[in-house]
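Please read these numbers as outputs of a predicted model, since none were measured by experiment. By convention in this document, chain letters (A, B, ...) are assigned in the order of the sequence lines, proteins followed by strands, and residues within each chain are numbered from 1.
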Number of protein chains: 2
Amino acid sequence: MLTEERHRIILDLLARKEVVKLQELVEATHSSESTIRRDLTQLEKEKKLRRIHGGATLPHQKREELSVLEKSAKHIEEKKRIAEYAASLVEHGDCIYLDAGTTTLEMIPHLRGKDIVVVTNGMMHLELLLENDIATYLLGGLLKKKTKALIGRGALQSLQSYSFDKCFIGANGVHYEYGYTTPDPEEAMVKHTAMRLAQKAYVLADHSKLNESAFAKIADLHEAILITDQLDEEWQELYKAKTAVEVVAK
Amino acid sequence: MLTEERHRIILDLLARKEVVKLQELVEATHSSESTIRRDLTQLEKEKKLRRIHGGATLPHQKREELSVLEKSAKHIEEKKRIAEYAASLVEHGDCIYLDAGTTTLEMIPHLRGKDIVVVTNGMMHLELLLENDIATYLLGGLLKKKTKALIGRGALQSLQSYSFDKCFIGANGVHYEYGYTTPDPEEAMVKHTAMRLAQKAYVLADHSKLNESAFAKIADLHEAILITDQLDEEWQELYKAKTAVEVVAK
DNA sequence: TATTTTTGATTGATTTTGATTGATCTTTCG
DNA sequence: CGAAAGATCAATCAAAATCAATCAAAAATA
């Protein structure tokens with residue numbers, strides 16, 4: 001078997017399993033241990049993977065990239081600031097859920113290079129996630145034509161089999177009394193389920209969504225941490241009494 | 001053999017296999033090692049391929065496009081005929097599974113206007129299905145970058161909750177002894193599960209796939225009806241003894 | 001026929017490979 | 001906890017595979 005061929009098999013297996021044992025690679029490629037070791041050494045030099053005792057794993061993030069991104073992010077609108085901050089909460093090794101929606105979409109470029117797994121129901125997110133070399137799982141279910149989000153029983157069911165370190169949800173309305181809301185009941189159901197399955201849930205909403213409410217309730221305020229760009233003095237107490245609020249300053 | 005001819009064979013093999021050994025090329029062209037080496041050197045200068053120790057591979061840039069696009073250009077006429085016939089088997093009210101793959105992709109335009117529900121694991125199929133106003137469910141799971149198919153445990157699990165009237169599967173190899181095969185074991189697993197969940201299973205394969213076998217077995221011949229464009233006399237009995245075969249004439 | 005181009009065989013140099021060694025890391029169990 | 005056992009490791013080496021360079025024969029061309 002040719003070197004190139006082996007390398008492809010190794011990276012392919014890695015993309016799929018996150019970690020591979022050296023023995024598995026030996027079997028998969030029908031090569032000797034020595035050869036695989038050499039392959040791993042070389043691929044590590046190329047930053048394609050990271051060696052660990054007994055095998056290899058996907059490379060971990062490179063912090064430098066963030067500084068570059070920050071610069072380009074200076075004059076962007078509120079959503080991008082929120083998205084960037086939200087992305088900074090994602091840590092090495094996290095498994096996160098990304099809700100369909102434009103704000104969460106903005107998070108993706110900032111996730112590049114992080115060694116994470118993303119589960120999403122947003123079709124629009126897919127392309128971008130793959131471009132940024134992020135291991136991506138997609139929910140099943142009925143594809144909603146207008147928003148290209150996956151919803152319904154099928155989506156809920158695929159969702160149940162995961163559990164997340166963090167989840168990031170978009171909402172059309174955030175109200176101190178009615179909680180987080182969105183126009184579509186089925187989407188609301190998916191969002192709520194994702195929140196329940198996550199250790200930490202974040203709702204991303206710019207200030208125009210505050211004190212608004214849409215038709216279908218996603219969850220109560222206290223069920224998620226709210227990330228927004230601006231919260232007027234007069235409301236601070238009201239919201240902070242119910243949940244943690246992160247305000248992303250300019 | 002003419003130089004041009006050899007070059008065509010080399011690039012042809014490359015497009016199909018991504019990586020070829022020098023020895024394979026020697027056999028395929030009945031030329032000497034030296035000649036093939038010279039060919040490779042020249043083709044590399046023309047950026048048509050990249051030489052590696054022991055053979056050659058596709059240049060990095062072209063690899064992604066080729067993985068799906070060029071492959072689809074092969075036997076396109078045959079595939080279309082097969083696809084059109086397969087689509088004609090779909091009846092009003094059916095719930096069908098469409099496997100990821102270029103042949104099944106061709107079925108979609110012919111499904112327009114039929115009142116059906118489609119479940120698929122092919123990301124490429126989505127856009128086209130929606131354009132043709134077909135109710136579409138998508139499997140969950142890990143998105144395989146190269147073929148844009150959903151695979152893995154997540155895909156299998158979403159699959160289990162459906163049942164189909166018919167399913168249409170693509171295969172890279174069809175062999176009277178080894179059955180239906182495909183290069184990726186995880187994809188094979190998804191294909192097989194879909195077949196089991198369907199009342200009637202069809203495998204779509206143009207004649208270039210016959211008597212070939214790939215790494216991972218999908219199913220035995222008898223587990224699905226084979227639809228192809230050409231089956232030589234000499235093989236007819238062998239195949240027809242094992243399963244129903246539909247040959248789509250020109 | 002003479003000239004140029006292409007081919008296949010041969011050479012020694014280079015690269016890759018698998019086995020082996022003793023060193024280092026993990027796990028197990030007293 | 002700490003020592004022994006078991007894995008895994010990097011380094012090394014000889015065998016095997018592959019390579020580039022060369023040259024004469026064969027084929028194509030003038």
Please give, in whole Å, the distance from C:dT7 P to B:Leu40 CG? 13 Å
Could you pull out all residues at least two apart from A:Ile225 that satisfy side chain to side chain contact (heavy atoms under 4.5 Å, CB included)? A:Tyr202, A:Ala244, A:Glu246
Grab the CD-P distance between B:Glu4 and C:dT7 for me, whole Å please. 12 Å
Rounded distance (Å) that lies between atom P of C:dT6 and atom CD1 of B:Ile36: 15 Å
Just to confirm, is there a sub-4.0 Å distance from OP1 or OP2 of C:dT7 to any side-chain nitrogen or oxygen of B:Thr3? yes
Does the protein touch nucleotides 17-30 of chain D at the base, only the backbone, or not at all? Give it as B, S and - per nucleotide, heavy atoms under 4.0 Å. -SBS----------
Does B:Thr35 put a side-chain nitrogen or oxygen below 4.0 Å from OP1 or OP2 of C:dG8? yes
Here the salt bridge (charged side-chain N to carboxylate O under 4.0 Å, His left out) pairs for residues 218-233 of chain B, sequence neighbours left out, are B:Lys217-B:Asp220
Taking atom types as modelled, find out whether B:Gln42 and B:Glu46 have a side-chain donor-acceptor pair closer than 3.5 angstrom. yes
Listed by chain and number, what are the side-chain hydrogen bond (donor to acceptor under 3.5 Å, both in side chains) partners of A:Ser163, not counting sequence neighbours? none
Lys/Arg N to Asp/Glu carboxylate O, A:Glu4 vs A:Arg8, below 4.0 Å: yes
Does this structure show an ion pair linking B:Glu33 with B:Arg37, if we count only N-O contacts that are shorter than 4.0 Å? yes
Terminal axes of the helix from C:dT1-D:dA30 to C:dG30-D:dC1 (5 end pairs apiece), angle rounded to 10 degrees, sit apart by 30°
Does A:Ser31 or B:His30 map to a spot on DNA chain C nearer the 5' end, using the closest nucleotide for each? B:His30
A:His125 pairs by side-chain hydrogen bond (donor to acceptor under 3.5 Å, both in side chains) with which of A:Thr136, A:Asp99, A:Thr104, A:Thr120? A:Thr104
Excluding sequence neighbours, so at least two apart, what forms side-chain hydrogen bond (donor to acceptor under 3.5 Å, both in side chains) with A:Thr243? none
